Colleague: 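Next up is a structure, given as structure tokens.
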Amino acid sequence: MEAHIVCCHECDELSTIPRPLRPGRYKCPNCGHTLFRHRPGMIEKLYAMSVAALILFLVTNYFPFLSFEVFGNSTDANFTTAVQYLYEEQDYLLAVALLMTTVVIPFAQIFLLLLLLGPLYHGRVPYYAPEMMKVLEAITPWAMLDVFLVGVLVSIVKLVKMGTIIPGTSLWAFASLILILAYAQSIYDPHPIWEKIEEGQNEGRVKRYVERDA
Amino acid sequence: MRAIDRNLGSCPVCHQLVHFPKRDPEHVAAYCPRCGSEVFPRKRSSLEYTLALTLASIVFYIPANLLPMMHVHTFAGTQSDTIMSGVIYFLETGSYLIGFVIFVASIFVPVLKMLILLYLVHSVRTGKSRFPKERQRLYLLTEIIGRWSMVDVFVVSIMIALVHFGGLSSIEAGTGAVFFLLVVIVTMLAAMAFDPRLIWDPTKEHHAH
Ligand SMILES: [Zn+2]
Ligand SMILES: [Zn+2]
């Protein structure tokens, strides 16, 4: 493959990308939007980040998150305590939204990345890799851990005047998790993964899609 | 050269280039050979969906602001907070930065997003061809900022988890929080429904022939 035609998702402009690729960002000649980023070693780095993220995610959900003390009374909250209280108060929509955006979807994201990148790192492509990538793509906008962190900071400022806030182990793990995820997000580019999937499909090792007529 | 002018399109999921079967761009769909997704030259009914969802978000935004986000129960009674009263509380108590963050995330960002989406739909409908790059930037901005409006919903949840002293003091979510959640979800869906390629189409159409 010497040249490769890419279509810009923002403006539909076609551009020809000469091969071999050079490391860095490829921009759309018409609108300047990033077409893709070529970063040798992305899979290795991303794999390492998702292992770290999984550990931090489990720590975040297992250990105490925050404690609040007013006049000798104290409450201890875990990462998901709010979900439980909202559920008990029958605020089902809020409970589900909170659970999805801060627990289920971020976990699914990390878990899918591990399932994909583990084998890729060892030179194999999982049979259901295309399905996994599709799910990953669909859920990513709904993972809101970074927004939740800002919510935590605002709440601390709000409550600090009324009593004492005691940060738990999980809060530090959570803050580190956000840093790791932000870094992973900044290096993530789906194109090399899709290219590996295509190679796997050509060799018959990965699920293929028969071309159907519309 | 646009992909559509060469009867090509790119897969919305994996960005694979695909050929459309027929020459009639209104009624073609192709299937991506790599991931099996359906590919259309442009997102289907993009403007209608974007407009409908944006209008829905405006409808939800009114009760989100008027109804309380949370009820604070203490031995002295119950106090209800709306978004605006929360912002005013922070400003009055001197927490200007936090007041500003809440104002931007809960009031400024949703309104800005709705206005941008309405403007983009209008500009595409009227075939405006000027400032495509600037309008594209506005669109990318709505995609990035949309989720940050969830901050206030999260603040309410965390307050509920931490202020939980039985009969002494507790916090309950208000109906405003539910509407606010709907505003965030619906505006995010509205931004996803919009097809930014429509912004560029009028600027490129005359090159096609
Ligand atoms: Zn472009
Ligand atoms: Zn595809």
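Just so it is clear: chains get the letters A, B, ... in the order the sequence lines come, proteins before strands, and each one is counted from 1. Scope of the values below: all heavy atoms of this structure, side chains included, with no hydrogens, waters or symmetry mates. Please read these numbers as outputs of a predicted model, since none were measured by experiment.
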Colleague: If you tally heavy-atom pairs under 4.5 Å against chain B, which of A:P141, A:A129, A:P130 wins?
Modeller: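 Between A:P141, A:A129, A:P130, the count favours A:P141.
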Colleague: Looking at chain B, which one of A:A82, A:C11, A:G151 has the largest number of heavy-atom pairs inside 4.5 Å, strictly under?
Modeller: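 When all of A:A82, A:C11, A:G151 are compared, A:C11 has the most.
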Colleague: I'd like to know which of A:Q201, A:E89, A:E137 tops the heavy-atom pair count under 4.5 Å against chain B.
Modeller: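 The answer is A:Q201.
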Colleague: Is A:N30 in contact with chain B via its backbone, its side chain, both, or neither, using a 4.5 Å heavy-atom distance?
Modeller: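 Contact with chain B is through both the backbone and side chain of A:N30.
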Colleague: How long is the span from the CD1 atom in B:I199 to the CG atom in B:L138, to the nearest 0.5 Å?
Modeller: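 If we round to the nearest 0.5 Å, B:I199:CD1 and B:L138:CG are 8.0 Å apart.
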Colleague: Who are the side-chain hydrogen bond (donor to acceptor under 3.5 Å, both in side chains) partners of B:S10, not counting sequence neighbours?
Modeller: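 side-chain hydrogen bond (donor to acceptor under 3.5 Å, both in side chains) check on B:S10 returns A:H9.
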Colleague: At a heavy-atom separation under 4.5 Å, does B:V101 approach chain A through its side chain, its backbone, both, or neither?
Modeller: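 B:V101 touches chain A through side-chain heavy atoms alone.
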Colleague: Please classify the contact of B:R42 with chain A as side chain, backbone, both or neither, using a heavy-atom distance under 4.5 Å.
Modeller: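 Contact with chain A: side chain only.
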Colleague: Report which part of B:T175 has an atom under 4.5 Å of a heavy atom belonging to chain A: side chain, backbone, both, or neither.
Modeller: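 No part of it gets close to chain A.
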Colleague: Counting only heavy atoms closer than 4.5 Å, note whether B:Q16 contacts chain A via side chain, backbone, both or neither.
Modeller: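 Interface part for B:Q16: side chain.
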Colleague: Kindly say whether A:A143 contributes a backbone atom to a donor-acceptor pair with the side chain of A:T101 at under 3.5 angstrom?
Modeller: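 Here the side-chain-to-backbone pair does not exist.
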Colleague: Please look at B:V151 and chain A and tell me whether the side chain, the backbone, both or neither of the residue comes under 4.5 angstrom of a heavy atom of that chain.
Modeller: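 For B:V151, the contact with chain A is made by backbone and side chain together.
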Colleague: Are there more than 12 heavy atoms of other residues, nucleotides or ligands under 6.0 Å from atom OH of A:Y62?
Modeller: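 Counting neighbours around OH of A:Y62, 12 or fewer heavy atoms of other residues, nucleotides or ligands fall under 6.0 Å, so no.
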Colleague: Would you say the side-chain atoms of A:R208 pair up with the backbone N or O of B:R34, donor to acceptor, closer than 3.5 Å?
Modeller: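 The answer is no, because no donor-acceptor pair under 3.5 Å joins these two groups.
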Colleague: Heavy-atom distances under 4.5 Å only: say whether A:L93 touches chain B with side chain, backbone, both or neither.
Modeller: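 Both parts, heavy atoms under 4.5 Å.
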Colleague: Heavy-atom distance under 4.5 Å to chain B: side chain of A:D146, backbone, both or neither?
Modeller: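 The answer is both parts of A:D146.
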Colleague: Is it true that B:K113 and B:S57 share a donor-acceptor pair across their side chains at a distance under 3.5 Å?
Modeller: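 Short answer, no.
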Colleague: Is chain B contacted by the side chain of A:S15, its backbone, both, or neither, given a heavy-atom distance below 4.5 Å?
Modeller: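 Nothing of A:S15, per the 4.5 Å heavy-atom cut-off to chain B.
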Colleague: Using only atom types and a distance under 3.5 Å, with no angle test, would you say the side chain of A:Y26 pairs donor to acceptor with the backbone of A:R22?
Modeller: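 Present.
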Colleague: Counting only heavy atoms closer than 4.5 Å, note whether B:L168 contacts chain A via side chain, backbone, both or neither.
Modeller: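 Side chain of B:L168 only, per the 4.5 Å heavy-atom cut-off to chain A.
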Colleague: For side chain to side chain donor-acceptor pair (under 3.5 Å), just list the numbers for B:H71 and B:S80, CA-CA rounded to whole Å, side-chain angles, deciding distance to a tenth of an Å, and then say yes or no.
Modeller: CA-CA 4 Å; B:H71 306 284; B:S80 299; 2.7 Å; yes
Colleague: Please check this pair: side chain of A:N78 against backbone of A:T80, looking for a donor-acceptor N/O pair closer than 3.5 Å.
Modeller: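 It does not hold such a pair.
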Colleague: Given that the side chain runs from C-beta out, which part of B:L17 has a heavy atom under 4.5 Å from chain A: side chain, backbone, both or neither?
Modeller: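 B:L17 touches chain A through side-chain heavy atoms alone.
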Colleague: Once you round to the nearest 0.5 Å, how far does CZ of A:R25 lie from CZ of A:R39?
Modeller: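 Result: 10.0 Å between the selected atoms.
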Colleague: Are any of the side-chain nitrogens in A:E131 or A:K207 under 4.0 Å away from the carboxylate oxygens of its partner?
Modeller: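 Salt bridge present between A:E131 and A:K207.
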Colleague: Could you tell me which portion of B:I98 (side chain, backbone, both or neither) has an atom closer than 4.5 angstrom to a non-hydrogen atom of chain A?
Modeller: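 Answer is side chain: those atoms of B:I98 sit under 4.5 Å from chain A.
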Colleague: If the contact rule is any heavy atom under 4.5 Å from chain B, which residues of residues 182-200 of chain A qualify, in numerical order?
Modeller: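 Residues in range: A:H191, A:W194, A:E195, A:E198.
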Colleague: Report which part of A:K158 has an atom under 4.5 Å of a heavy atom belonging to chain B: side chain, backbone, both, or neither.
Modeller: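 For A:K158, backbone and side chain are both near chain B.
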Colleague: In terms of heavy-atom proximity below 4.5 Å to chain B, should A:T102 be classed as side chain, backbone, both, or neither?
Modeller: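 For A:T102, the side chain is the part near chain B, not the backbone.
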Colleague: Do you know which of B:L97, B:L140, B:I102 has the most heavy-atom pairs under 4.5 Å to chain A?
Modeller: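 Result: the option with the highest number of such pairs is B:L140.
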Colleague: So, using side-chain hydrogen bond (donor to acceptor under 3.5 Å, both in side chains) as the criterion, who are the partners of A:D91 when residues are at least two apart?
Modeller: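 Result, side-chain hydrogen bond (donor to acceptor under 3.5 Å, both in side chains) vs A:D91: none returned.
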Colleague: B:K43 side chain to B:F194 main-chain N or O, any donor-acceptor pair under 3.5 Å?
Modeller: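 Judged by distance alone, yes, a pair lies under 3.5 Å.
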Colleague: Does any backbone or side-chain atom of B:L198 lie under 4.5 Å from a heavy atom of chain A? Answer side chain, backbone, both or neither.
Modeller: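 Interface part for B:L198: neither.
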Colleague: Enter the distance from B:L162:CG to A:M162:CE here, rounded to the nearest 0.5 Å.
Modeller: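 Reported value, rounded in 0.5 Å steps: 10.5 Å.
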Colleague: For chain B, which candidate among A:L149, A:D76, A:T75, A:V150 shows the most heavy-atom pairs at distances under 4.5 Å?
Modeller: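 Highest number of pairs under 4.5 Å: A:T75.
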Colleague: In terms of heavy-atom pairs under 4.5 Å, which option from A:T81, A:V154, A:L66, A:L86 contacts chain B the most?
Modeller: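 Option with the top pair count is A:V154.
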Colleague: Looking only at the side chains, is there a donor atom on one of B:H73 and B:E172 sitting less than 3.5 Å from an acceptor on the other?
Modeller: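 Yes, B:E172 and B:H73 have a side-chain donor paired with an acceptor closer than 3.5 Å.
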Colleague: Give every residue pair that meets the ring pair (Phe, Tyr, Trp, His ring centres under 6.0 Å) criterion with at least one member in residues 144-180 of chain A, sequence neighbours excluded.
Modeller: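 Checked against ring pair (Phe, Tyr, Trp, His ring centres under 6.0 Å) - neighbours excluded - the pairs reaching residues 144-180 of chain A are A:F65-A:F174, A:F79-A:F148, A:F79-A:F174, A:F148-A:F174, A:F148-B:F154.
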